[in-house]
Amino acid sequence: MNKALLSCILALAGVGFVGNAALAAEPPVKTENDILVDSKGMTLYTFDKDKETPGKSACSGQCAENWPPLMATAEDKKSGDYDVIKRDDDQSQWTYKGQPLYLFKKDSKPGDMTGDGVKDVWHIIKP
């Protein structure tokens, strides 16, 4: 649904908003079995090397192919412990407590955690 149509629907419903604030999505993250997962239930990970570059992702190229970033839209904004950073490729990525969030391409179904502990630098997140 485009923004103009959504604005009309909200106006008819008596719901006002300023700018894109009403369109900003909540982080697509939830807690299941005491770990953070995306909206599809896929395990989320942090990367130790990101701690060396606060506010940035140290995972790009082949790394990002194996560990896809949890992408955000331009409208997504900070919400509690979740924030959005700009990647080197100008795309946006969700973070949790300052740590960029990633999926693992070898996880094939919700509940898989095959990336936990890989090379001692990838870790599941226990909020």
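What you see below is based on every heavy atom in this structure, not just the backbone, and it leaves out hydrogens, waters and symmetry mates. Count residues from 1 along the sequence.
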Student: Pairs in or reaching into residues 74-127: which pass disulfide (SG to SG under 2.5 Å), with residues at least two apart or in two chains?
Tutor: none
Student: Charged N to carboxylate O below 4.0 Å: is that the case for Glu32 and Lys30?
Tutor: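 Yes, charged N to carboxylate O under 4.0 Å.
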Student: Using the ring pair (Phe, Tyr, Trp, His ring centres under 6.0 Å) rule, take Trp67 and Phe47 through it: C-alpha gap first, then chi angles, then the decisive distance, then the call.
Tutor: CA-CA 9 Å; Trp67 300 89; Phe47 183 39; 7.7 Å; no
Student: Would you list the pairs meeting disulfide (SG to SG under 2.5 Å) in which at least one residue belongs to residues 83-127, sequence neighbours left out?
Tutor: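 Counting only pairs at least two positions apart or across chains, no disulfide (SG to SG under 2.5 Å) contact touches residues 83-127.
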Student: Please identify each residue that fulfils side chain to side chain contact (heavy atoms under 4.5 Å, CB included) with Ser92, with sequence neighbours left out.
Tutor: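 Checked Ser92 against side chain to side chain contact (heavy atoms under 4.5 Å, CB included); matches are Ala72, Val84, Lys86.
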Student: Does anything in residues 95-127 pair up under disulfide (SG to SG under 2.5 Å), and if so which pairs, sequence neighbours excluded?
Tutor: none
Student: State, to 0.1 Å, how close Tyr102 and Ser57 come at their nearest heavy-atom pair, and which atoms those are.
Tutor: OH-OG, 2.6 Å
Student: If every non-hydrogen atom of Pro28 is compared with every non-hydrogen atom of Trp94, which pair is closest and at what distance?
Tutor: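 Taking Pro28 first and Trp94 second, the nearest heavy atoms are CD-NE1, 3.1 Å.
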Student: Does Lys56 have any side-chain hydrogen bond (donor to acceptor under 3.5 Å, both in side chains) partners at least two apart in sequence or in another chain, and if so, which?
Tutor: Asp88
Student: Could you tell me which residues satisfy salt bridge (Lys or Arg N to Asp or Glu O under 4.0 Å) with Asp81, sequence neighbours excluded, listed by chain and number?
Tutor: none
Student: Which pairs pass disulfide (SG to SG under 2.5 Å) with one or both residues in residues 62-127, sequence neighbours excluded?
Tutor: Cys59-Cys63
Student: Which atom pairs, donor and acceptor, lie under 3.5 Å between side-chain atoms of residues 36-44 and protein residues at least two apart or in another chain?
Tutor:
from, atom 1, to, atom 2, distance (Å)
Asp38, OD1, Lys40, N, 2.9
Asp38, OD1, Gly41, N, 3.1
Asp38, OD1, Met42, N, 2.8
Thr43, OG1, Asp112, O, 2.5

Student: State, yes or no, whether a side-chain contact exists between Met113 and Asp107 at a heavy-atom distance under 4.5 Å.
Tutor: no
Student: State, to 0.1 Å, how close Ser60 and Arg87 come at their nearest heavy-atom pair, and which atoms those are.
Tutor: CA-NH2, 4.0 Å
Student: Applying side chain to side chain contact (heavy atoms under 4.5 Å, CB included), name anything that partners Glu65, two or more places apart in sequence or on another chain.
Tutor: Gln62
Student: Which heavy atom in Tyr45 sits nearest to a heavy atom in Leu103, and how many Å separate them?
Tutor: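 In this case the closest contact between Tyr45 and Leu103 is CD1-C, 4.1 Å.
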Student: May I have the list of side-chain donor-acceptor pairs in residues 115-127 shorter than 3.5 Å, sequence neighbours left out?
Tutor:
from, atom 1, to, atom 2, distance (Å)
Asp116, OD1, Ile124, N, 3.0
His123, NE2, Asp48, OD1, 3.1
His123, NE2, Asp48, OD2, 3.0

Student: With sequence neighbours excluded, what pairs up with Lys49 under the salt bridge (Lys or Arg N to Asp or Glu O under 4.0 Å) test?
Tutor: none
Student: Apply side-chain hydrogen bond (donor to acceptor under 3.5 Å, both in side chains) to Asp83 and list each qualifying residue two or more places apart in sequence or on a separate chain.
Tutor: none
Student: For residues Gln93 and Pro100, report the shortest heavy-atom separation together with the two atoms involved.
Tutor: NE2-CB, 3.4 Å
Student: Rounded to the nearest 0.5 Å, how far does OG1 of Thr31 lie from CG of Asp34?
Tutor: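 Going from CG on Asp34 over to OG1 on Thr31, the span is 8.0 Å.
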Student: Evaluate side-chain contact (heavy atoms from CB on, under 4.5 Å) for Thr95 paired with Leu101, printing each intermediate quantity in order.
Tutor: CA-CA 5 Å; Thr95 66; Leu101 298 174; 5.6 Å; no
Student: Is it true that atom CG of Asn33 has more than 12 heavy atoms of other residues, nucleotides or ligands lying nearer than 6.0 Å?
Tutor: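 Counting other residues, nucleotides and ligands, CG of Asn33 stays at 12 neighbours or fewer.
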Student: Are any side-chain N or O atoms of Lys97 and backbone N or O atoms of Gln99, one a donor and one an acceptor, separated by less than 3.5 Å?
Tutor: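 Checking the backbone N and O of Gln99 against the side chain of Lys97, no donor-acceptor pair under 3.5 Å is found.
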Student: Atom OH in Tyr96, atom OG1 in Thr46: separation rounded to 0.5 Å?
Tutor: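 Here the rounded value is 11.0 Å.
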Student: Do Phe104 and Thr114 come close enough that some side-chain heavy atom pair is under 4.5 Å?
Tutor: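 Yes, their side chains come closer than 4.5 Å.
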